[in-house]
Engineer: 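Once you've had a glance at the structure underneath, I'll fire off some questions.
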There are 2 protein chains.
Amino acid sequence: MAERVTDHRRGPRRRGAELEAAILAATRAGLVERGYASLSMDWIAERARTSKAALYRRWGTVGELVVYTHARLVRSLLTVPDTGSFASDMRAMLRSTADVMDSEYGELLRGVLAEIMKNQELAAEARRQLADSGPQAMDEIYRRGIERGEVRPELRGTRTMTVALDLLRSEFILGGTPIPDAAIDDILDTVYLPLVRLPD
Amino acid sequence: MAERVTDHRRGPRRRGAELEAAILAATRAGLVERGYASLSMDWIAERARTSKAALYRRWGTVGELVVYTHARLVRSLLTVPDTGSFASDMRAMLRSTADVMDSEYGELLRGVLAEIMKNQELAAEARRQLADSGPQAMDEIYRRGIERGEVRPELRGTRTMTVALDLLRSEFILGGTPIPDAAIDDILDTVYLPLVRLPD
DNA sequence: CAATTAGAGAACAGCTAGTTCTCTAATTGA
DNA sequence: TCAATTAGAGAACTAGCTGTTCTCTAATTG
């Protein structure tokens, strides 16, 4: 004698990529509206108008879902500016990365970093994402810098090449957002450029 | 008609500092045995053989308790070696810091960093702890380096002075533990020492 | 020695993580 | 074309945690 007022099982049922897109959108919405700390599978399922079962079929925890969402989003956020010189390319890239950290994506990044700190298994995958994305864009800028004869070619691909980005992330973690221009100038002019610039 | 087999209300009751010490010990034990992700007020209260009420009277959340525990512990962990030269002092300090990151304290540090990522209110206090502790020890080593005429005196107290520690923390977050000697050598020999050493 | 403070123990409501049902729409392939 | 399979929707449920609020009573204070 169960009365069902609305049975969504009748409606058009989303599947596969379409459903996944709705779930990822709901995850981003959750990060923006409630923050990483208050994100829950229940909330995401309701927001995406799907069921928890559909979520758990794909991801085991909220953390996995956040890391996956980050992986899907991070590629579209990288900007590789070409402004004419290595120094201004780097400055533009760091500034735009800092701006992204201060946008809604910042909460996603915070979630991924929190997950790295919390979860040993996920840490490897999340670290790979962070260790790949930034340096990849950086490498393009550095390559052009070598061609122009502005920077030391032997440093390409080494830890030194990514020092600027490491320090910017440090600033994000320890200083929060927004990241002032002064911090970026400091990283570049005092630390990074003296290191990589060719001695004349 | 309630039968009480054991009523601990009769026994000697701990208070103040004594009780707090037991709670902090239980918190550290929880971090080691279960990890930051599985830490709960319930577990800590049971482990410290006290009540949740006593915990909530002091701290509002597990995060606060973890950050407080960190604050209490961090001072005793700083080592300021005096080995005869600035370079070897720094190497010894970074190595010992890296070793601490690989000890049970590492899980506490992970907890504090996770809390910074998760909780906006606590972040300020936790950041202050991290931003103060390391540089403080560093400053002593740097001061001696200036006296010996080994490093550029104008960098004392600037962002540049702490670059080595920032990069080590980056390594901890993105690379995990243990931190190999090669990473420390790289940070020092390729990045840090060329920056701060006096040109001859 | 009386009044006050604070710990112990317990119960509780509310929320979340995961799991596991049933029912049924959409897809596949013989 | 139709039967079999896959997978989403909805719901129920257990277990565990948070944060609060009782009562009882030990320890401290004045």
Side-chain angles (χ1 to χ4, degrees), chain A residues 1-27 30-31 33-66 111 114-115 118-119 121-122, chain B residues 1-27 30-31 33-66 111 114-115 118-119 121-122:
Chain A
M1 268 299 188
E3 294 181 50
R4 288 207 186 94
V5 183
T6 39
D7 189 341
H8 296 280
R9 281 172 282 191
R10 281 177 287 130
R13 192 180 286 179
R14 296 162 302 176
R15 302 195 159 226
E18 188 190 356
L19 181 58
E20 182 177 304
I23 294 171
L24 297 193
T27 304
L31 285 165
E33 290 175 27
R34 318 200 356 159
Y36 166 74
S38 314
L39 207 58
S40 79
M41 288 300 223
D42 277 331
W43 190 94
I44 294 168
E46 194 180 334
R47 175 62 169 249
R49 290 195 295 147
T50 182
S51 66
K52 285 205 297 173
L55 264 62
Y56 279 108
R57 201 170 292 128
R58 292 173 168 80
W59 304 278
T61 62
V62 187
E64 277 181 43
L65 176 49
V66 166
E115 216 53 46
K118 212 168 71 180
N119 188 321
E121 287 86 49
L122 267 181
Chain B
M1 268 297 190
E3 293 183 51
R4 289 206 186 94
V5 183
T6 40
D7 190 341
H8 295 280
R9 282 172 280 192
R10 282 178 286 129
R13 191 179 288 179
R14 296 162 302 177
R15 302 197 158 223
E18 187 190 356
L19 180 58
E20 182 177 303
I23 294 171
L24 298 194
T27 303
L31 285 165
E33 291 176 26
R34 316 199 358 157
Y36 166 74
S38 314
L39 208 57
S40 78
M41 289 299 223
D42 276 331
W43 190 94
I44 294 168
E46 195 180 334
R47 174 62 169 247
R49 291 195 295 147
T50 182
S51 66
K52 286 205 296 172
L55 264 62
Y56 279 107
R57 202 170 294 130
R58 293 172 167 79
W59 304 278
T61 63
V62 187
E64 277 182 43
L65 175 49
V66 166
E115 215 53 46
K118 210 169 74 181
N119 188 320
E121 287 85 50
L122 267 181

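Just so it is clear: chains get the letters A, B, ... in the order the sequence lines come, proteins before strands, and each one is counted from 1.
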Engineer: Go ahead and name the base partner of D/dT25; Watson-Crick or wobble counts if both distances stay under 3.5 Å, otherwise write none.
Structural biologist: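 The answer is C/dA6, by the H-bond criterion.
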Engineer: Please name the pair of heavy atoms, one in B/Y36 and one in B/A114, separated by the smallest distance, quoted to 0.1 Å.
Structural biologist: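 Of all heavy-atom pairs spanning B/Y36 and B/A114, the closest is CE2-CB, 3.5 Å.
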Engineer: Could you state the CZ-C1' distance from A/R34 to C/dC15, rounded to the nearest angstrom?
Structural biologist: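 From A/R34 CZ to C/dC15 C1': 10 Å.
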Engineer: Roughly, in whole Å, what's the span from CG in A/L55 to P in D/dA7?
Structural biologist: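 These atoms are roughly 16 Å apart.
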Engineer: To the nearest Å, how far apart are B/K52 NZ and D/dG16 P?
Structural biologist: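 The distance from NZ of B/K52 to P of D/dG16 comes to 14 Å, rounded to the nearest Å.
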Engineer: Determine the minimum heavy-atom distance between A/A22 and A/A48, stating which atoms define it.
Structural biologist: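 Taking every non-hydrogen atom into account, O-CB, 3.8 Å.
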Engineer: Find which nucleotide of DNA chain C each of A/S40 and B/R57 is nearest to by heavy atoms, and output the residue with the more 5' nucleotide.
Structural biologist: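 Its nearest nucleotide being more 5', the pick is B/R57.
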Engineer: Please report the distance, rounded to the nearest Å, between CH2 in A/W43 and P in C/dG18.
Structural biologist: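 Going from CH2 in A/W43 over to P in C/dG18 covers 18 Å.
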Engineer: Rounded to the Å, how far apart are B/W59 CH2 and D/dT20 C1'?
Structural biologist: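 Whole-Å distance recorded here is 18 Å.
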Engineer: With DNA chain C as reference, determine whether B/A53 or A/V62 sits nearer its 5' end, using the nearest nucleotide of each.
Structural biologist: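 Result of the comparison: B/A53.
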Engineer: What's the shortest heavy-atom distance between B/G63 and B/E115, and which atoms?
Structural biologist: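 Distance-wise, the nearest heavy atoms are CA-CD, 3.4 Å.
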Engineer: What's the NZ-P distance between B/K118 and D/dT18, to the nearest Å?
Structural biologist: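 For the pair B/K118 NZ and D/dT18 P, the rounded distance is 10 Å.
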Engineer: Tell me the interatomic distance from B/D42, atom CG, to D/dT20, atom P, rounded to whole angstroms.
Structural biologist: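 Interatomic distance, CG of B/D42 to P of D/dT20: 14 Å.
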Engineer: Mind listing the closest non-hydrogen atom pair of A/M41 and A/W59 along with its distance?
Structural biologist: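 It is CE-O, 3.9 Å.
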Engineer: What is the base-pairing partner of D/dG30, counting Watson-Crick and G-U wobble geometry with both distances under 3.5 Å?
Structural biologist: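 Base partner found: C/dC1.
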Engineer: I need the OH-P distance between A/Y56 and D/dA11, as an integer number of Å.
Structural biologist: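 Nearest whole value for this atom pair: 18 Å.
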